Structure formats: C-alpha cells, structure tokens
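Since this is a predicted model, take the numbers as computed values, not measurements. Below, chains carry the letters A, B, ... as their sequence lines are ordered, and counting in each starts from 1.
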Number of protein chains: 2
Amino acid sequence: MKPNDILQQHEVKKTLSRIALIKALQTSEQPLSENEIRDRMLDQYDRITFYRNVQTLSESGILHRIVIDNTHVKYALNCCEKEHHHAIDHVHFYCKECGKTVCLDEVPVQQYPLPDGFKLDECDVVIKGYCKDCPGNHNA
Amino acid sequence: MKPNDILQQHEVKKTLSRIALIKALQTSEQPLSENEIRDRMLDQYDRITFYRNVQTLSESGILHRIVIDNTHVKYALNCCEKEHHHAIDHVHFYCKECGKTVCLDEVPVQQYPLPDGFKLDECDVVIKGYCKDCPGNHNA
DNA sequence: GTAATTAATGAAACAATGTTTCAACTAAAG
DNA sequence: CTTTAGTTGAAACATTGTTTCATTAATTAC
C-alpha cells in the first residue's frame with residue numbers, strides 16, 4: 001500500500017516527512033529502531049519531527065512502538081489493516097545478539113488473570129532470546 | 001530478612017549504600033521507582049552508585065528491574081529466595097493512573113511458541129491498566 | 001490557481017535515565 | 001594492622017524523548 005493512501009485512509013495530513021517515515025518502514029520486514037529509520041530517511045530525517053510523527057501516526061493507528069527495554073525501542077507499521085494503537089495484539093521477539101525484532105502476529109496473548117477490581121488496558125509481551133542466525137544460540 | 005544476611009548469602013560485599021538500598025525496597029510491598037528509592041535512602045543516595053548497585057545486586061539475584069516502558073523502570077527485591085535475575089518468572093501489572101506496580105507472582109507465564117531455530121531466554125509480560133483505587137477504572 | 005487557514009516543521013534548549021573514567025576510599029582477608 | 005581488591009562519588013558524557021516558538025507547508029474556500 002502506498003504511503004499516500006495510508007495517510008489519507010487514516011485522515012492525517014500527507015507531509016513529506018511522514019511519507020518518508022512510512023517508506024522507510026516499508027523497506028523492512030521487521031520493526032526498525034530510530035537509527036535504522038534515520039539511515040533510511042537520509043536528509044528527510046529530523047529527530048524532533050520523527051518523534052512527533054511517531055506519536056501522531058501511532059495515535060491514528062498507522063504504526064506502533066515496541067518497547068524492548070528502557071534503551072531499545074522499535075517501530076513498525078501496523079500490518080494488514082489491524083489497527084493496534086499499542087502493541088496490544090501480538091507478541092514480540094527480540095534477539096539479544098543481533099537486535100532483530102519480530103512481530104509474532106499469529107501468536108495470541110494469554111489472558112492473564114488480574115486481582116479483583118483491576119482493569120486491563122493493554123498487555124505487552126516481549127520474548128528475548130536468540131534468533132536462528134545468531135551464535136548466542138549455541139553458547140548458553 | 002536482614003539486608004546484611006541477604007548480601008552475605010549472595011556473596012557480595014556489605015556496603016552502606018547496598019544496605020540502604022535493600023532497606024529502602026523493604027519498606028514497600030510494591031516495586032519502587034528510582035525516585036521513590038532516593039526519597040527513602042535520604043543522604044545515603046547517590047545516583048551513580050545506585051545504578052551500579054542495581055546492576056551488581058540484580059546479577060547476584062538479590063533484586064530485579066521491571067521495565068514498564070522506556071521511561072518507567074521499577075526495582076524490587078526478589079521475593080522468597082526465588083532467584084529470578086531478570087523478571088522472567090512473573091507477570092507485572094502497572095497502573096496507568098497512579099503508577100503502582102504489582103508483581104503477580106502467582107500468575108504463570110504462558111509458553112509462547114517461537115519460530116523454528118529461535119531460542120527463548122526470557123519473557124517479559126507487562127499488563128497495563130487501572131488498579132482498584134484509581135478512577136481511570138470508571139472512565140473508559 | 002490563488003488567498004486564507006490550520007496544522008506541521010525544525011531550531012534551540014531542556015529533561016530523564018543511564019554509563020564511563022579515574023582518584024579516593026572502604027570492606028574483607030591475612 | 002596492613003594489604004588487596006572491590007566500591008564509591010565527582011565530572012563529564014550518551015541516548016531517548018519533550019517543549020516552546022517562529023517559520024513553513026498542506027489543505028480548504030474562493
């Protein structure tokens with residue numbers, strides 16, 4: 001799907017930086033870090049605009065943030081019209097060696113029981129380990 | 001259990017700042033943020049030492065870090081001799097209104113299936129919502 | 001297509017969280 | 001009580017993210 005159409009469909013302004021951001025994410029199968037996005041946006045990249053667009057576009061359901069831990073955050077387009085504003089709907093895998101992050105779309109999140117009176121809003125599941133290409137796989 | 005004994009049992013040096021850190025965490029039923037710990041440590045608190053002790057004491061299995069998101073991190077003593085170096089073994093609940101964090105020790109974490117060749121190391125589950133004391137509970 | 005309106009941009013400055021280096025110090029062991 | 005090895009705290013830095021404000025670009029009306 002073209003960046004232009006995505007933006008129009010979600011009723012946010014079509015600006016050059018947003019189109020460049022979406023294009024950058026479309027060049028990858030996997031979620032990308034800010035640095036990886038910056039490298040793909042070249043001179044279209046501005047840090048402040050990036051953060052603002054991440055906020056706007058995630059609120060409108062175009063992309064979502066994946067918090068691996070307090071120092072690693074990834075960004076990914078919402079696949080296939082599923083409008084997950086946060087990373088509610090699927091499990092994420094993070095390779096501790098190469099940093100590759102995978103959305104495990106097909107894996108449903110368990111319904112965890114909460115104490116009485118508590119209300120669920122979202123549930124983030126991050127699995128950390130080693131992907132099949134990484135040697136860390138053989139060490140432990 | 002006394003801070004001194006905890007440190008001895010895990011074979012790390014008994015220093016004033018470590019004892020103060022453990023004492024601070026023992027004053028609370030729930031995991032605490034750095035600021036909450038600082039307030040409890042008073043003049044025994046030093047930022048750099050704090051971060052170093054968090055690292056040392058979590059490696060030795062005395063406490064663990066709970067990453068709520070990229071801007072909210074909590075710290076908690078490992079309860080009952082369970083030596084979870086990371087927050088592997090239990091689910092955490094975070095109240096989006098008051099920030100209260102609860103370790104749901106009794107809740108087992110589902111074994112999520114991974115793609116072929118991928119290896120699990122840890123699985124972090126953070127449930128966000130509203131605790132029973134918070135009005136956000138009634139808004140949504 | 002042009003003017004008016006509204007929202008987005010980018011610069012500067014800031015805030016929070018965490019790390020590194022290095023000299024001074026303290027805990028544990030002999 | 002002395003030695004040794006690990007710990008501390010100061011200074012400086014790195015990363016991620018936010019706020020304000022003037023400028024600029026995108027949409028709407030004409």
Starting from [atom2] on [N], measure out to [atom1] on [X] and report it in whole angstrom.
X: A:Asp46; N: C:dA12; atom1: CG; atom2: P; value: 11 Å
X: A:Ile37; N: D:dG17; atom1: CD1; atom2: C1'; value: 14 Å
X: A:Arg18; N: C:dA7; atom1: CZ; atom2: P; value: 11 Å
X: A:Asp43; N: C:dT9; atom1: CG; atom2: C1'; value: 15 Å
X: A:Lys74; N: D:dT15; atom1: NZ; atom2: C1'; value: 15 Å
X: B:Glu59; N: D:dG6; atom1: CD; atom2: P; value: 14 Å

Handout entry: Set of residues satisfying side-chain contact (heavy atoms from CB on, under 4.5 Å) with respect to B:Ser33, sequence neighbours excluded
Key = B:Asn35, B:Glu36, B:Lys74
Completion exercise
Output for pair (A:Leu57 CG, A:Arg52 CZ), nearest 0.5 Å, gives 12.5 Å
Practice task
Pick base, sugar-phosphate or nothing for A:Thr56, based on heavy-atom distances below 4.0 Å to the nucleic acid.
Solution key: nothing
Exercise for the section: Return the orientation label for the B:Phe50 and B:Tyr75 ring planes: parallel under 30°, perpendicular over 60°, tilted otherwise. Expected result: perpendicular
Problem - nucleotides 16-23 of chain C: protein proximity per nucleotide (B base, S sugar-phosphate only, - neither; heavy atom, under 4.0 Å) - result: -BBBBB--
Problem - Base versus backbone protein contacts along nucleotides 24-30 of chain C [heavy-atom cut-off under 4.0 Å; B, S, -] - result: ---BS--
Problem - Cluster overlap A:Leu21 with A:Met1, hydrophobic side-chain contacts below 4.5 Å - result: yes
Handout entry: B:Thr71-A:Asn70 side chain donor-acceptor pair, cut-off 3.5 Å
Key = no
Problem - Distance-only side-chain donor-acceptor flag, A:Glu34 / A:Tyr45, under 3.5 Å - result: yes
Handout entry: Salt-bridge criterion met for B:Asp116 and A:Lys132 (N-O under 4.0 Å)
Key = no
Exercise for the section: Grab the two heavy atoms, one from A:Ala24 and one from A:Arg40, that are nearest each other, plus how far apart they are. Expected result: O-CD, 3.5 Å
